[in-house]
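What follows is a set of notes on a single structure, which appears directly below.
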Number of protein chains: 4
Amino acid sequence: MSSSWKNRLSLFGESHGPGIGVVLNGLPPGFFVDWAEVSSEMRRRAPDRSKLSTERVETDSVEILSGLFQGRTTGSPLCALIRNLDTRSDDYAEIRDKPRPGHSDYPAFVRGGGFNDYRGGGHFSGRLTAPLVFAGALVRQILRERGVSIGAHIQRIRGVTDNSFATADLSPQLFAALSAEFLPVLNKAIRPALERVILEARAAGDSVGGVVECAILGLAPGLGAPFFDSVESALASLFFAVPAVKGVSFGLGFALAERLGSESNDAYYFDENGRVRTRTNNCGGLLGGLTTGMPLVCSVAVKPTASIARPQETVDLRQGTAAVLAVRGRHDPCIVPRVVPVLESVAALAIWDLMEGGGG
Amino acid sequence: MSSSWKNRLSLFGESHGPGIGVVLNGLPPGFFVDWAEVSSEMRRRAPDRSKLSTERVETDSVEILSGLFQGRTTGSPLCALIRNLDTRSDDYAEIRDKPRPGHSDYPAFVRGGGFNDYRGGGHFSGRLTAPLVFAGALVRQILRERGVSIGAHIQRIRGVTDNSFATADLSPQLFAALSAEFLPVLNKAIRPALERVILEARAAGDSVGGVVECAILGLAPGLGAPFFDSVESALASLFFAVPAVKGVSFGLGFALAERLGSESNDAYYFDENGRVRTRTNNCGGLLGGLTTGMPLVCSVAVKPTASIARPQETVDLRQGTAAVLAVRGRHDPCIVPRVVPVLESVAALAIWDLMEGGGG
Amino acid sequence: MSSSWKNRLSLFGESHGPGIGVVLNGLPPGFFVDWAEVSSEMRRRAPDRSKLSTERVETDSVEILSGLFQGRTTGSPLCALIRNLDTRSDDYAEIRDKPRPGHSDYPAFVRGGGFNDYRGGGHFSGRLTAPLVFAGALVRQILRERGVSIGAHIQRIRGVTDNSFATADLSPQLFAALSAEFLPVLNKAIRPALERVILEARAAGDSVGGVVECAILGLAPGLGAPFFDSVESALASLFFAVPAVKGVSFGLGFALAERLGSESNDAYYFDENGRVRTRTNNCGGLLGGLTTGMPLVCSVAVKPTASIARPQETVDLRQGTAAVLAVRGRHDPCIVPRVVPVLESVAALAIWDLMEGGGG
Amino acid sequence: MSSSWKNRLSLFGESHGPGIGVVLNGLPPGFFVDWAEVSSEMRRRAPDRSKLSTERVETDSVEILSGLFQGRTTGSPLCALIRNLDTRSDDYAEIRDKPRPGHSDYPAFVRGGGFNDYRGGGHFSGRLTAPLVFAGALVRQILRERGVSIGAHIQRIRGVTDNSFATADLSPQLFAALSAEFLPVLNKAIRPALERVILEARAAGDSVGGVVECAILGLAPGLGAPFFDSVESALASLFFAVPAVKGVSFGLGFALAERLGSESNDAYYFDENGRVRTRTNNCGGLLGGLTTGMPLVCSVAVKPTASIARPQETVDLRQGTAAVLAVRGRHDPCIVPRVVPVLESVAALAIWDLMEGGGG
């Protein structure tokens, strides 16, 4: 009962089953989808073949099974299917009994009574974010027609910190430029340092996490609702639906805990067009669960990839003994760049739902 | 559509209207409520008369309108009503036109088309957390019968930092001891420093925020669901429903962004009773949206009270001019202590919903 | 999970507890409520003092606890409370152990594990329809501003049959005229016969049921959704939420089972204003779960009042023996006239929800 | 907001698009599905090649895309896909502009802004009931393990009336025997008459509807909830989700309107095993929105197939003129036999949801 998100978007599939996909409900009829752009968004999430990412090939070709007629949405549920192709199941034989630390393997085993598809994480796999990006890419086009744009950059990876959106000149153009980069940052000078910490982690058979900052432009003031249907609740609920996310904050977030009220409140003024604006945006464009009309800014903490080559202590669930596991196969030393479009996508879904009357 | 929480718990009321309250659906029949304990929880949230809090008197006497018969729950909706008594509406005359920076006044005005009850924040008032604590106090008694207990402490206020739950010996007894304190901390030695920063803020007509750490014990592994109905989504959605919350994280949260995977993954072992446990709990008892069976640990960032006595820049919405506002009335220099039981309460509500099949 | 109606409208209270009421979510802000009309609607449901109804006095004075400010809705949840006054609990002492045939007493006892409030049916009481009529009366005013009007008449009581809406000239004026009558019928000539069958039932310590026909005007074509969110599903779901309702049909309903397709299909034509209309309206203004733009017409079967004075066979749940029960107290020989405004009210709620995007 | 059924079951597809299907959420893990039985149920709904049905070939081979591993459910969403094969789109070219009377064509055109897939009714097609039967067949196996069985028979087609479940000896065996027949009836002597009225309709280029009676055995008393989550609301909501359904009633339904209370109330007694039973079952096993423990019995009215060969008056939406339409292609003279397994299936889904805590 906690969430009715499945009402709008039904996600299905296992990493090594026949396929993964999504059913999207409530799309407007007659929308002409820019499929090249959808593909482009999906490539952002797909594994890169550079040394910074996994070498797995995920050619995520999407088949639209319904909801599309003569190139336009019909207003009926749109189902998109991605077949699973490159699936080396034997890589995962060991983890059936020895849950990988930091992964869902153990609690998924308990929840599924041992009947869960353990191969590659099954339904819990990060691969399920592909249909999320598909859905988000589509919905972002709808939002763009309403003047809403969404962007994100890597705020921090292991001590290497980018500038903040707070001091940037936010625009759809900036967002487009960021989304063209594998390592989207505001301060391009830090890119070599970012690459270095990622490659160091890879060389050590290890991994790194990071923080992503996300912004949404074009939201009118007053969107949202107090309490259960706050904009923060809607966004956070979907951000935490993304595997590996461990923290979400709005505006200055946890840093506000160090400030005085007089340093935190955003002073109001009328701009040249008579619109109410705030001098600062410490609250991230949100007050009382509602948008203020200023850019919505939030941060999302992503933990390091759990799959690492270094040997780790675990248990053998079948034999009831201690065990050691070195995760084989090809894994990302840093999933943060691939998580960026996923976060943008779920943000788009959350905002779309709010604009469609999701709140109350 | 984003949340169906109102399905379980319908919150109503305005700060200066006839009353505030809540309708709770889905309570089990025959539950014998410990009303003294409910009152005690509500007193934790009520304004203290000490110098650390507001001097407002909120005698929140609750009237049960339904769902109770011969001292026990009937299994039908329980409606609880708290009448508004001490309401000096004239304190708020000025804010009708001049929205308070950091408050919901301006976006609530836009959302309500100017018809919102602006007095004291109306429905957006922090006062609405009283029925939340009522509901949480009741539900916590139900959870306790199922072996689940919830506790919290102040992790940090303006540079004064408490120990972490990570190094504490968590138990229902510890939680009970913490909840008996106005400033619940693990390291009692910091209490004078905490009081000092709060009183300094008050003396300066200012305010401070802080971070609250919350823990939940007794959860079996495998509770929750991947993606939209993750435990993190359920908890974060309700934490962000609490006014002034700007950040939520699980386990090490944002600090995980600085760590290597090998420093983050929690190694598994069998304990003396053959149960699977982890050596560390960096993930806060949650993996893949599911509980691991370890203590669930999370942190919540609370911004400083927006209502401060110091003059602030704002606008006059009626006259369309710049304005200066000094919020009059009695206000908390630090709401963090009063937010602690609210966070515990909504955590209880989220867990209860998950245990009742809220997920999917 | 089956219904999220509690999301919009949270009903609470027991027949003999402190009070009954409702929380309405999602009302638009700034709506100026005509309270005299709301009272008038509630009087239609209230027990009449004529011989045709119960002699109980239900002075349902409603207190608005929230969501109203300076005479207008605020856009926040509106809670309405009706105190229980005339409650002779001793009338119900016997039914604690001896469930009344035809009433919810026995299954409610099982569901509540014996902890349900059995007095007067508790939360299952028909009295809970008072807040439903309150909510419906308010929502009907909102619908009227959008050009939608709702009316109903008694189609049949024990062999006395009224004309059908199919042959009537439907208009808001007709609906207003009908709602002014205790026995709303199209053919006034049948009124004496209707009164006679009701009084005969009363004289015999017995009761009668009946069929109500309901119509909704002003709906644009294309409202609704196929399958789960069909208009029929939405309306039927709420009609069956009304105690004593045992059947719901649309258009010719069960009579269509006797017809040929060529006698059932409604032929299309363009009217003088170029609008698509149908020559007949056998489908009741609904095809494929959507409105056609023709009047929406439906029928609702109401069973006879279960509480009758005649002795009935039952069981003694405490003693485990057979028993005989003659329900004491004051009861309606025919609740159909009082159910009419309840059905109009829930129809209004269903349509309002659909227009607000309830479907998918 | 009206229904959260899509939460459990997401239906997708258009009659002449790539495929149709369903995503089922909330299945228990480890369930071993009897696929032969699922196929058998789907064949009941598939078009027969006899003269009593359409001659279209629908070889509905189902592909399971997710949620199944090593023959058992995983507890993750199960997606089933049925490819569309025999689709003569040219049969439908005419109805793009000339909506078929009695079909969803016109309101679907308005709702979809002209962008709906009009071929064969698109997403509104009766073909979408195939995945519903698939889902129902699977869920019925789960219900059977809990002692619940569901059956149905044709109650009436154009004046030919079967016996009632009220006088039958209900059992899973009877249900199995009924489901083996294309024309499931209790009184086999009426079968020739049934066939005759269907063949007469076919010969005349016309169609007939009918009434289906459905029963559910094995439900414990007290299942359900009063008001919005009543068992009647849950069942009716799904019955009316089935295309062509125009009426739903429980127990004696509309016939109760003719009875006295003393003739309607079901008297209680203790049976030989000390269980509370009723002498009659006029209420159809439901009181106050809850099950009584007696068989749940309901009736569903199905209108005649709208697609008939006889010329019908319609409009040309493109040219804005009157038009005549004779629906070409192969169509059922009577869909009632094929609707029977669909109604059983959605009844299974509704009961499953209620047992899983769907109510409140």
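Lettering follows sequence order; numbering is per chain, from 1.
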*Please determine, among C:E258, C:R259, C:K98, C:R156, the option with the most heavy-atom pairs under 4.5 Å with chain D.*
C:E258
*What's the spacing between D:L252 CG and D:S264 OG if we round to 0.5 Å?*
7.0 Å
*Residue, of D:G289, D:A204, D:A322, D:S299, that accumulates the most heavy atom pairs under 4.5 Å with chain C*: D:S299
*D:P221 versus chain C, heavy atoms under 4.5 Å apart: side chain, backbone, both or neither?*
both
*Kindly compute the distance separating CG (C:D353) from CG (C:L9), expressed to the nearest 0.5 Å.*
10.0 Å
*C:S237 side chain vs C:A234 backbone, donor-acceptor pair below 3.5 Å*: no
*Ion pair D:D266/D:R279, N-O distance below 4.0 Å*: no
_To the nearest 0.5 Å, what is the distance between CG on C:N281 and CG on C:L286?_
8.5 Å
*Between D:Y106 and D:P101, is any pair of side-chain heavy atoms under 4.5 Å apart?*
no
*asked:* What's the separation between atom OG1 in C:T291 and atom CG in C:L296, rounded to the nearest 0.5 Å?
replied: 7.5 Å
_I'd like to know which of C:A257, C:A255, C:G288, C:G210 tops the heavy-atom pair count under 4.5 Å against chain D._
C:A257
*Taking the six-membered ring for Trp, is the centroid-to-centroid distance between D:F227 and C:F124 below 6.0 Å?*
no
*What part of D:S125 gets closer than 4.5 Å to chain C, counting heavy atoms only: side chain, backbone, both or neither?*
backbone
_Pick from C:L325, C:V276, C:V160, C:V302 with the largest number of heavy-atom pairs that fall under 4.5 Å of chain D_ = C:V276
*asked:* With a 4.5 angstrom heavy-atom cut-off, is it the side chain or the backbone of D:I308 that approaches chain C, or both, or neither?
replied: side chain
_Given heavy-atom pairs under 4.5 angstrom as the criterion, report whether the side chain, backbone, both or neither of D:T278 touches chain C._
neither
*By a 4.5 Å heavy-atom criterion (distance strictly below it), what part of D:L132 contacts chain C: side chain, backbone, both, or neither?*
side chain
_If I measure from the heavy atoms of chain C, does D:S207 come under 4.5 Å with its side chain, its backbone, both, or neither?_
both
*Pick from C:N282, C:V248, C:T314: which one has the most heavy-atom pairs with chain D under 4.5 Å?*
C:V248
*asked:* As an exercise: rank D:A241, D:A306, D:G251 by heavy-atom pairs under 4.5 Å with chain C and give me the winner.
replied: D:A241
*D:D316 versus chain C, the contacting section by heavy-atom distance below 4.5 Å*: backbone
*asked:* One pair to check against side chain to side chain donor-acceptor pair (under 3.5 Å): D:Q312 and C:N265. What are the steps and the verdict?
replied: CA-CA 9 Å; D:Q312 298 177 86; C:N265 290 345; 2.7 Å; yes
*Report the option among C:C283, C:G293, C:G284, C:A108 that has the most heavy-atom pairs separated by less than 4.5 Å from atoms of chain D.*
C:C283
*Which region of C:S249, side chain (C-beta onward) or backbone (N, CA, C, O), has a non-hydrogen atom less than 4.5 Å from a non-hydrogen atom of chain D, or is it both or neither?*
both
*Give a yes or no on whether the backbone of C:E14 and the side-chain of C:H123 come within a donor-acceptor separation of less than 3.5 Å.*
no
*Considering only heavy atoms and a distance below 4.5 Å, find which of D:P107, D:G209, D:S104, D:G247 pairs most often with chain C.*
D:P107
*What distance separates C:L354 CG from C:L349 CG, expressed to the nearest 0.5 Å?*
11.0 Å
*Pick from D:G320, D:A201, D:A323: which one has the most heavy-atom pairs with chain C under 4.5 Å?*
D:G320
*Value rounded to 0.5 Å, distance of CG in D:L238 from CD1 in D:I351*: 10.0 Å
*Could you tell me which portion of D:S262 (side chain, backbone, both or neither) has an atom closer than 4.5 angstrom to a non-hydrogen atom of chain C?*
both
*asked:* Quick check for you: among C:E263, C:R158, C:K303, which has the greatest number of heavy-atom pairs under 4.5 Å with chain D?
replied: C:R158
